[in-house]
Q: 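The structure that follows is given in the form of structure tokens.
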Amino acid sequence: MPGGDRVDFERLLERVALVVQSRAGNTAALQTVAELLRQEVPHYDWVGFYVVDREKPGELVLGPFSGAATEHVRIPFGKGICGQAAARRETFVVDDVSKETNYLSCNPDVKSEIVVPIFRGDRVVAELDIDSHSAAPFTEKDRRALQELCRIVTPLF
Ligand code: SME
């Protein structure tokens with residue numbers, strides 16, 4: 001069974017909603033959400049948020065994340081999987097990163113990636129980025145749950 005089908009996303013989203021409602025600062029709350037996802041979902045090996053730069057709206061800046069440090073702290077729209085998702089304004093799943101030519105590698109262990117844009121009105125304000133060390137682990141359940149999660153965390157941006 002693919003990873004995503006084994007996860008109780010409903011319970012996870014309830015926990016995320018509680019974090020958003022808690023009166024922690026936005027950065028602390030996003031950090032907690034990133035850690036929660038990485039801890040609770042075995043095929044999520046790096047979880048982070050990229051935020052659209054207010055001064056340079058065509059660039060993403062690394063925000064709170066859980067996992068290994070990355071050199072990709074600033075990514076222009078259109079570049080890599082993150083930049084492509086921001087430019088296309090839609091969720092981007094890459095089952096095998098070795099086959100993606102427009103890809104920014106952070107870590108040789110990463111095999112797959114999902115990026116979900118976060119909207120305020122019709123503007124992309126941020127993204128959720130998840131890397132996995134498993135091949136093709138993301139299912140329709142992951143995609144739907146993470147899109148819902150991105151709606152839940154929108155007030156934090
Ligand atoms: N792999 C991403 C870069 C960010 S890291 O995954 C943390 C990309 O291709 O955009």
Side-chain angles (χ1 to χ4, degrees), residues 2-4 7 9 12-13 16 19-20 26-120 122-154 156-157:
V7 179
F9 280 115
L12 192 56
L13 291 180
V16 168
V19 174
V20 175
N26 292 354
T27 305
L30 289 168
Q31 183 70 47
T32 303
V33 171
E35 276 159 20
L36 188 64
L37 285 174
R38 181 157 165 257
Q39 180 186 304
E40 295 299 319
V41 185
H43 59 292
Y44 293 0
D45 293 294
W46 189 96
V47 178
F49 293 95
Y50 279 92
V51 185
V52 176
D53 190 340
R54 282 170 205 249
E55 261 100 70
K56 290 190 188 166
E59 288 190 13
L60 297 156
V61 182
L62 182 61
F65 67 94
S66 172
T70 171
E71 64 188 276
H72 301 298
V73 293
R74 195 169 262 281
I75 302 176
F77 276 35
K79 208 143 186 253
I81 295 170
C82 291
Q84 291 182 80
R88 294 182 192 171
R89 302 160 53 80
E90 57 190 32
T91 300
F92 192 3
V93 179
V94 177
D95 285 334
D96 178 354
V97 295
S98 73
K99 300 215 167 86
E100 173 60 46
T101 48
N102 188 356
Y103 171 62
L104 302 169
S105 172
C106 295
N107 173 340
D109 294 333
V110 174
K111 293 205 171 63
S112 53
E113 181 162 349
I114 182 169
V115 180
V116 184
I118 298 172
F119 292 91
R120 179 178 292 283
D122 65 354
R123 218 160 30 94
V124 176
V125 288
E127 285 182 344
L128 171 63
D129 177 20
I130 300 178
D131 289 344
S132 179
H133 298 173
S134 310
F138 302 112
T139 67
E140 197 46 39
K141 266 186 84 182
D142 291 85
R143 180 195 286 265
R144 262 189 266 121
L146 295 174
Q147 285 174 341
E148 178 60 21
L149 185 147
C150 284
R151 281 188 283 275
I152 296 171
V153 301
T154 301
L156 302 176
F157 293 95

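The figures that follow rest on heavy atoms only: side chains count, while hydrogens, waters and symmetry mates do not. Since the model is a prediction, treat every value here as computed from it, not as a measurement. Counting starts at 1 for both ligands and their atoms, in listed order.
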Q: Which ligand 1 atoms are under 4.0 Å away from a heavy-atom of Asp129?
A: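 Those qualifying, in numeric order: 4 (C), 5 (S), 6 (O), 7 (C).
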
Q: Below 3.5 angstrom, do we get any N/O pair linking Thr70 and ligand 1?
A: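 In this structure, Thr70 places no N or O atom under 3.5 Å from an N or O of ligand 1.
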
Q: So which bit of Val110 gets within less than 4.0 Å of ligand 1, heavy atoms only: side chain, backbone, both or neither?
A: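 Answer for Val110: neither.
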
Q: Going by an N to O cut-off under 4.0 Å, is there a salt bridge joining Arg143 and Glu140?
A: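 Between Glu140 and Arg143 there is a salt bridge, with a charged N closer than 4.0 Å to a carboxylate O.
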
Q: Should the proximity of Phe65 to ligand 1, defined as any heavy atom under 4.0 Å, be assigned to the side chain, the backbone, both, or neither?
A: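 Neither; nothing of Phe65 gets under 4.0 Å from ligand 1.
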
Q: Please report whether ligand 1 has a polar contact with Leu104, defined as an N or O pair separated by less than 3.5 Å (distance criterion only).
A: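 Yes - when backbone and side-chain N and O of Leu104 are compared with those of ligand 1, one distance drops under 3.5 Å.
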
Q: Going by heavy atoms in the side chains, are Lys56 and Val61 under 4.5 Å from each other?
A: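 Lys56 does not reach Val61 side chain to side chain.
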
Q: Does an N or O from Ile81, backbone or side chain, lie closer than 3.5 Å to an N or O of ligand 1?
A: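 Looking only at distances, the answer is yes, because the N/O contact criterion of under 3.5 Å is met.
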
Q: Using a 4.0 Å cutoff against the non-hydrogen atoms of Tyr50, which atoms of ligand 1 qualify?
A: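 Listed by number with element: 4 (C), 7 (C).
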
Q: Check this for me - ligand 1, Asp131, N or O atoms closer than 3.5 angstrom, yes or no?
A: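 The answer is yes, given that Asp131 and ligand 1 share an N or O pair closer than 3.5 Å.
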
Q: Answer with side chain, backbone, both or neither: which part of Phe92 has a heavy atom less than 4.0 angstrom from an atom of ligand 1?
A: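 The answer is neither.
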
Q: Got Val7 and Lys141 here, is their nearest side-chain heavy-atom distance under 4.5 Å?
A: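 No. Closest side-chain heavy atoms not under 4.5 Å.
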
Q: Say whether Gly83, considering both its backbone and side-chain N or O atoms, lies within less than 3.5 Å of an N or O atom on ligand 1.
A: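 By distance alone, the answer is no.
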
Q: Which heavy atom of the protein is the closest neighbour of atom 2 (C) of ligand 1, given with residue, atom name and distance?
A: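 Sorting protein heavy atoms by distance from atom 2 (C) of ligand 1 puts Glu113 OE2, 3.2 Å first.
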
Q: Go through Glu100 and Phe92 one step at a time and tell me if the side-chain contact (heavy atoms from CB on, under 4.5 Å) criterion holds.
A: CA-CA 12 Å; Glu100 173 60 46; Phe92 192 3; 3.8 Å; yes

Q: Answer side chain, backbone, both or neither: which part of Glu100 comes under 4.0 Å from ligand 1, heavy atoms only.
A: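 Neither part.
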
Q: So, do Phe49 and Leu128 sit near enough that their side-chain heavy atoms are less than 4.5 Å apart?
A: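 Of all side-chain heavy-atom pairs linking Leu128 with Phe49, at least one is under 4.5 Å.
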
Q: Decide if atom CZ of Arg123 counts as having more than 12 heavy atoms of other residues, nucleotides or ligands within a radius under 6.0 Å.
A: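 Check fails, neighbour count at 12 or below.
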
Q: Taking Thr91 for the side chain and Ile114 for the main chain, is one N or O donor matched with an acceptor at less than 3.5 Å?
A: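 Judged by distance alone, no pair lies under 3.5 Å.
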
Q: Please list, in number order, the atoms of ligand 1 under 4.0 Å from a heavy atom of Cys106.
A: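 Here the atoms of ligand 1 in question are 4 (C), 5 (S), 6 (O), 7 (C).
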
Q: Enumerate the atoms of ligand 1 whose separation from the nearest heavy atom of Tyr103 is less than 4.0 angstrom.
A: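 Near Tyr103, meaning under 4.0 Å from one of its heavy atoms, ligand 1 has 1 (N), 9 (O).
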
Q: Once you measure the plane-to-plane angle for Phe138 and His43, does it fall in the parallel (<30°), tilted (30-60°) or perpendicular (>60°) bin?
A: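 Judged by the thresholds at 30° and 60°, the geometry between Phe138 and His43 is tilted.
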
Q: Heavy atoms, side chains only, cut-off 4.5 Å: are Val115 and Tyr50 in contact?
A: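 With C-beta onward as the side chain, the pair stays apart.
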
